[in-house]
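Notes to accompany the following structure.
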There are 2 protein chains.
Amino acid sequence: MNIQLEDFCSKRTAILTSTLELVKEHGFHGTPMSQIAKTANVAAGTIYHYFDSKETLMVELYMYTKHRLGKAMLAGDDESRPYKERFFQYMTNQYNFYIENESSLFFLEQYINSPFAKNYPEKDSDIFKTDIIPFFDFGLENGYFKKIDPRLMWPIIRGTLVAAAHFRISQHVMYSEEDISQLVKMIWDAIKNNNTTP
Amino acid sequence: MNIQLEDFCSKRTAILTSTLELVKEHGFHGTPMSQIAKTANVAAGTIYHYFDSKETLMVELYMYTKHRLGKAMLAGDDESRPYKERFFQYMTNQYNFYIENESSLFFLEQYINSPFAKNYPEKDSDIFKTDIIPFFDFGLENGYFKKIDPRLMWPIIRGTLVAAAHFRISQHVMYSEEDISQLVKMIWDAIKNNNTTP
DNA sequence: TGCTACCGAATGAACATTCAATTAGAAGAT
DNA sequence: ATCTTCTAATTGAATGTTCATTCGGTAGCA
């Protein structure tokens, strides 16, 4: 059977999405396997057909979620457009993904701050490795950004967007297109290179 | 007995600090009360003398930690200095607190993304309510910052600093004073008002 | 006939919390 | 100083529950 991210195995996907929702509400250890099974309309034993343990379920859910985030970020990308425009598109997409997928946002934040992230540092989505990280590297190499540690760039951008999305969700505030582009502009202002003209 | 934040009740404090370390390593539900007791050199029952339940222990640990963060941020503050200088001081202090108190950083992140934060939204440190939030409000009212929702300002700043601190910790990278001030400058560039001269 | 997907009751470990009993310490009386 | 009394602090074994995981079995399908 196909145990890939893009799978049509409905039970496996049901388990993943149920876990996502439940972890958002109750946290990792706060969600029992029995409840995951119930919510996914699946027997408890079935979970262990697809995942070795609760721990690997969480790790695979992380990769699944990160993969979906990556795909969402790349939506509507066009390599022929100017770098800055593509950057804005990426950021807007990321922000929209967070507010349209609250549970993914909460899950990712929890995961990153959990022992799992430390225990499985190599586990990550391919899309990030092959597309998104290189896009930022390109921006750095070509002088679009300040000369800071490239590995610091991504967390900072992410930190800002996540903070904004969290706030937007918790306060039930609706941001207009305008507000979002102002937010992205803030990020751009923060990291753009002021010295040379790229 | 004095159940305040600044207490000399050593057992209570021992329980709090032990919980902080353990939650960093194993997460909320991943740390049993029995282990907290053992690490704090205290009997299991003693925890229930100071805290009603595991849940309230976590909430009170949040307030304790947030209080310490607040105090650290205000260190060396001088109201007579220019606003921008005070801002830089606050940010540098906050960043340094995170890297000097890893477990507090991890705990705060976990807490914010947990159901607790939603269930006890009113629980927060007084220092933030009386000193830190007003400081940012002042900056907004006096045109130092872009005109964005003031409640959005704090999460964005926090998001950036937290991201940088996380990175610094996970990669075992040492930032120089220089690097930190560049980081804070990035934040300042992002949120400062470009239109008028304050 | 064999293989995979799936089920769900059973198992045993781990857990949060309780409580009856013990100690420490303070305040008051002698 | 010493004894008395009262309260708060502390203990850790016992309790009842919840949980992750297992496993013997069923159903469909090649």
Tell me whether A/Glu85 at atom CD has more than 12 heavy atoms from other residues, nucleotides or ligands lying less than 6.0 Å away. yes
Kindly say if B/Thr46 contacts the phosphate of D/dA9, meaning a side-chain N or O under 4.0 Å from OP1 or OP2. no
Atom CD1 of B/Ile36 to atom P of D/dT11: distance rounded to whole Å? 15 Å
May I ask you to establish whether B/Lys66 and B/Phe128 are in a cation-pi arrangement, using a distance under 6.0 Å from NZ or CZ to the six-membered ring centre and at most 45° from the ring axis? yes
Set of salt bridge (Lys or Arg N to Asp or Glu O under 4.0 Å) partners for B/Glu21, sequence neighbours left out: none
When you check the gap from the basic side-chain N to the acidic O, do B/Asp78 and B/Arg86 get nearer than 4.0 Å? no
Ionic contact status for A/Arg168 with A/Glu102, cut-off 4.0 Å: no
Starting at atom CG of B/Leu22, determine the distance to atom P of C/dC15, rounded to an integer number of angstrom. 12 Å
What is the distance, rounded to the nearest whole Å, between atom CZ of A/Phe51 and atom C1' of C/dA5? 14 Å
Between B/Leu57 and B/Ile36, is any pair of side-chain heavy atoms under 4.5 Å apart? yes
With B/Lys84, which residues qualify under salt bridge (Lys or Arg N to Asp or Glu O under 4.0 Å), at least two apart? none
Looking at A/His49, I'd like to know whether one of its side-chain N or O atoms comes within less than 4.0 Å of OP1 or OP2 on C/dA5. yes
Using a 4.0 Å heavy-atom cut-off to protein, can you give one letter per nucleotide of nucleotides 16-24 of chain D, 5' to 3': B if the base is in contact, S if only the sugar-phosphate is, - if neither? ---SSBB--
Under the side chain to side chain contact (heavy atoms under 4.5 Å, CB included) test, which residues partner A/Asn96, sequence neighbours left out? A/Thr92, A/Ile99, A/Glu100, A/Ile180
Does B/Lys38 make a side-chain N or O approach to OP1 or OP2 of D/dT11 shorter than 4.0 Å? no
Can you tabulate the close N/O pairs, meaning under 3.5 Å, that link protein atoms to atoms of nucleotides 10-13 of chain C?
none

Partner set under salt bridge (Lys or Arg N to Asp or Glu O under 4.0 Å) for A/Lys129, not counting sequence neighbours: none
What integer distance in Å separates B/Tyr50:OH from D/dT11:P? 9 Å
With the side chain of A/Ala43 defined as its heavy atoms from C-beta on, choose the nearest nucleotide among C/dG8, D/dA9, D/dT11. C/dG8
